[in-house]
Amino acid sequence: MSIYDTLNEQQKRGVFAVDGPVLLLAGAGSGKTRVLTHRIAYLIDEIGVSPYHIMAITFTNKAAGEMRERVDSIIGHGANQVWVSTFHAACVRILRRYIDRIGFDNNFTIYDMDDQKTVMKDVCKRLQIDTKMLKERAILSAISSAKDELISPQDYQIQAMGDFHGERIARAYVEYQETLRKSNALDFDDLIVKTVELFKTCPEVLAGYQDRFRYLMVDEYQDTNTVQFEFIRLLADKYRNLCVVGDDDQSIYKFRGANIRNILDFEEVYPEATVIKLEQNYRSTQNVLDAANAVIKNNRGRKEKALWTDKGEGNKVHFRQFDTAYEEAEFIAGDVGSKKRRGIADYGDFAVLYRTNAQARMLEERFILEGIPYDVVGGTNFYARREIKDILAYLKTVDNGRDDVAVKRIINIPKRGIGATTITRVQEYADERNISFYDALREADQIMTIGRSAGKLAPFVTMIQGFRSKLEYYGLEGLIKDIIETTGYVKELEASGEEDAEDRIHNIDELISKVVAYEETHEEAGLSGFLEEVALVADIDRIEGESSRVLLMTLHSAKGLEFPYVYLAGMEDGVFPGYMAITSDDREDIEEERRLAYVGITRAKEDLTLTCAKQRMVRGETQYNAVSRFVEEIPAELLDQKVPSLKKWNYVDYDEGSEEKLRFRAKPFGMDQTERGDAGGDFRGNASVNGGADSYQRIFHKKQTDSARHKPRATAVPKRTPAENRPFIAGGGAGSLKSVNGLSKGAPEAEAVNYGVGDRVRHIKYGEGTVMKLEKGPRDYQVTVVFDGAGQKIMYAAFAKLKKL
DNA sequence: CGTACTAGTCTTTTT
DNA sequence: GACTAGTACG
């Protein structure tokens with residue numbers, strides 16, 4: 001009896017075919033991770049390959065972590081020698097060793113999107129590019145696409161000749177790269193581009209890695225882009241033992257440069273490739289699988305596969321249409337709550353998936369109201385929050401003084417009376433001498449143009465130097481605490497009276513815990529290492545394996561995950577498929593959305609619910625949407641409820657003002673019956689008959705008026721998500737839920753509290769509850785209260801304003 | 001130099 | 001609706 005006996009025939013072929021290139025076409029839920037892990041075990045145990053010679057690339061750190069765990073448990077010894085990581089992490093690791101050969105310091109910083117935007121703004125100013133005509137965002141995305149395609153600034157310039165916009169972008173691209181180089185910084189795309197560049201300019205480095213990684217495996221291969229493909233192609237070139245695993249039906253990252261041709265043309269690049277299809281689905285019931293297959297078969301140009309399952313038929317797919325998005329959220333939260341109460345499922349068994357992050361808000365409100373624990377994945381990354389970025393900028397400045405973006409961010413935070421003019425002068429001085437901004441600061445007294453302000457700069461430099469010299473002996477934890485203490489950052493926050501100051505302080509405490517945890521888990525815990533980890537984590541990476549919370553996330557984030565109960569919310573034309581895809585004349589765009597639908601449906605193991613609303617607010621406008629075409633593509637016999645005919649839908653008249661936007665105006669619900677009659681006819685029909693620009697009629701808009709009353713009642717909705725409801729995974733809407741009662745303004749004081757454990761107290765939003773715990777924190781008392789309605793909350797006493805009853 | 005208010009933009013989706 | 005950049009004023 002061997003570990004391989006549990007695999008099916010196709011899976012076994014995948015495990016045993018270790019020589020040469022292999023293309024594993026793995027349908028959703030077909031056990032591809034099992035194949036990969038068993039394959040690694042087989043290589044080590046049966047073929048005698050050293051773990052040292054194996055590399056597996058995944059898309060997220062979470063996936064990497066899971067694979068690592070499974071490999072560990074199968075083979076035990078030496079497993080840690082296998083490189084299991086994401087493209088980005090692997091590249092960083094390589095660049096940290098060798099990037100000095102292509103003109104960077106090995107302690108380079110990694111710029112996130114925010115930093116990129118800051119740099120680009122600066123670049124546009126220098127090049128006098130009118131950002132009204134050509135937005136920074138657009139330039140950055142053009143540059144990003146160029147990098148995905150391995151097009152250098154020089155290539156870009158040549159290609160762009162004669163094109164007005166193109167030439168500007170090209171110049172910006174050149175300048176941008178130059179700025180990054182001066183700052184000793186790389187952006188996300190550079191991590192891979194520079195690694196490829198390194199391999200091409202330093203054959204001896206490449207040869208070393210080629211010899212090391214004799215067996216390569218790449219997961220989620222359908223989502224690789226051209227640079228990433230080049231990276232693995234180079235690595236695999238010597239031994240050609242490259243095994244790629246993917247599913248063309250799950251390719252959903254075209255916007256990020258993912259090249260679906262990488263998987264479709266694999267056999268052309270590697271004619272000797274073995275192709276294996278995994279077609280047995282171990283995840284979903286027949287009904288779910290049939291629904292998924294019915295939808296995806298509307299796409300052209302896919303590799304034909306026949307997914308099957310021996311699980312039973314299962315429940316029908318549920319479908320519900322509601323009048324408003326509010327009612328939709330109410331239903332989902334209610335349904336989850338009732339299943340939990342009836343003991344059918346635990347909170348951790350549910351996921352709610354949606355197309356855009358913005359949709360999370362309304363769901364959150366309802367979940368809070370129902371007292372259902374949940375986590376939101378995605379939205380604004382924890383590390384992208386203002387206060388976190390500020391503290392990180394201090395860390396970056398200490399780590400790499402050449403990181404101009406970081407230095408400029410904190411030079412006047414907290415306020416030191418250093419303004420825009422001073423900063424400009426210093427920058428001019430730095431430019432003249434071709435030194436970094438920070439180095440210019442050190443010579444502040446030499447800068448004639450800034451006059452008295454020079455005196456304000458010296459203490460800043462002294463402070464940073466102080467941090468640097470002390471870092472040696474007090475470590476990362478000491479450093480971060482020193483920074484907060486010396487700058488008075490938290491004190492400033494407390495005094496600011498900002499509404500979300502409490503949240504921010506919480507987040508900073510969370511960051512400190514992160515630092516401590518990092519130091520505990522890493523033997524040589526360095527500043528660069530910590531910053532790197534911070535830069536490379538995705539939101540999804542932070543979900544714990546066994547959580548007992550409902551997960552809310554986008555369809556994109558859900559890829560690779562599975563849940564017994566799945567809700568797909570917002571199944572409306574205009575939301576999903578999105579407005580952009582519908583209006584696009586590239587058929588590929590709708591097909592990509594359809595693949596996204598396929599991904600969403602196939603996340604469900606037992607039970608799938610599709611919901612939509614007739615009316616929903618999007619960006620302050622009320623939209624009237626028809627049921628998603630993807631729902632209509634599912635045969636009626638698989639659904640538990642009929643999909644309403646489009647004929648019910650009606651518009652009232654043209655909105656002259658927005659005619660050019662190709663939108664119709666409709667009357668909101670609540671109008672009298674005659675107006676809600678069937679004046680409009682079948683919009684699908686209109687859409688196809690008219691064709692062209694006029695055909696876009698399935699989305700209706702109306703300026704918000706009376707629909708506001710559909711918003712949740714103010715009283716019970718907390719302004720932000722309670723801290724314990726969202727550990728710091730949560731980005732999304734934290735702090736953005738509409739404030740109703742609002743916390744009273746003014747600086748809270750850490751005064752003594754007049755209540756104790758066991759006392760009954762009243763909170764302005766949560767109502768009455770009992771104090772469970774009272775802890776003296778670093779700055780303030782932390783009070784744990786179990787509220788009668790809202791459940792347990794942990795809060796700072798100064799902010800909570802609890803009244804003893 | 002700092003603050004408070006206003007007007008414009010925005011959204012797909014993420015390593 | 002929400003966030004941000006830009007502007008006018010103290």
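Here is how names work: the chains are called A, B, and so on, in the same order as the sequence lines, proteins then strands, and each is numbered from 1.
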Determine the contact category for [X]: base if any of its heavy atoms lies under 4.0 Å from a base atom, sugar-phosphate if only primed atoms, P, OP1 or OP2 are that close, otherwise nothing.
X        : answer
A/Asn357 : sugar-phosphate
A/Lys415 : sugar-phosphate
A/Asp187 : nothing
A/Lys559 : nothing
A/Tyr253 : sugar-phosphate
A/Arg386 : nothing

Using atom [atom1] of [X] as one end and atom [atom2] of [N] as the other, report the distance to the nearest whole Å.
X        : N      : atom1 : atom2 : result
A/Ile252 : B/dT14 : CD1   : P     : 9 Å
A/Leu140 : B/dT11 : CG    : P     : 13 Å
A/Lys135 : B/dT9  : NZ    : P     : 6 Å
A/Leu191 : B/dT14 : CG    : P     : 19 Å
A/Asp114 : B/dT14 : CG    : C1'   : 15 Å
A/Arg416 : B/dG2  : CZ    : P     : 11 Å
A/Phe255 : B/dT13 : CZ    : P     : 8 Å
A/Met617 : B/dC10 : CE    : C1'   : 15 Å

Inset, instruction - Tell me which of A/Gly417 and A/Glu592 sits closer to the 5' end of DNA chain B, going by the nucleotide each one is nearest to. - result: A/Gly417
Considering only side-chain heavy atoms of [X], which listed nucleotide, [options], is closest?
X        : options                : answer
A/Lys121 : C/dA5, B/dT14, B/dT11  : C/dA5
A/Thr356 : B/dT13, B/dT15, C/dA2  : B/dT13
A/Phe188 : B/dT12, B/dT15, B/dT11 : B/dT15
A/Met580 : C/dA2, B/dC1, B/dT12   : B/dT12
A/Thr422 : B/dT15, B/dC1, B/dT13  : B/dC1

Legend entry - Stacking check A/Phe59 vs B/dT15 (5.5 Å / 30 deg): no
Inset, instruction - Report yes if the distance between the aromatic ring centroids of A/Phe231 and A/Phe229 is under 6.0 Å, otherwise no. - result: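 They do not qualify: ring centres at least 6.0 Å apart.
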Inset, instruction - May I ask you to check whether over 12 heavy atoms, not counting those of A/Lys117, lie within 6.0 Å of atom NZ? - result: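 No - once you tally the heavy atoms of other residues, nucleotides and ligands closer than 6.0 Å, there are 12 at most.
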Would you say [X] places a side-chain N or O within less than 4.0 Å of OP1 or OP2 belonging to [N]?
X        : N      : answer
A/Thr554 : B/dT14 : yes
A/Arg619 : B/dT12 : no
A/Asn412 : B/dG2  : yes

Inset, instruction - Evaluate side chain to side chain donor-acceptor pair (under 3.5 Å) for A/Gln228 paired with A/Glu230, printing each intermediate quantity in order. - result: CA-CA 5 Å; A/Gln228 289 167 338; A/Glu230 186 65 4; over 6 Å; no
Inset, instruction - For a side chain to side chain donor-acceptor pair (under 3.5 Å) with A/Glu591, tell me which candidate from A/Arg594, A/Arg587, A/Arg595 qualifies. - result: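 Output: one option passes, namely A/Arg587.
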Inset, instruction - List the steps and the verdict of side chain to side chain donor-acceptor pair (under 3.5 Å) for A/Gln427 and A/Thr424. - result: CA-CA 5 Å; A/Gln427 184 62 58; A/Thr424 317; over 6 Å; no
Inset, instruction - Test A/Asp115 against every option in A/Lys121, A/Lys408, A/Lys389, A/Arg409 by the salt bridge (Lys or Arg N to Asp or Glu O under 4.0 Å) rule and name the one that passes. - result: A/Lys389
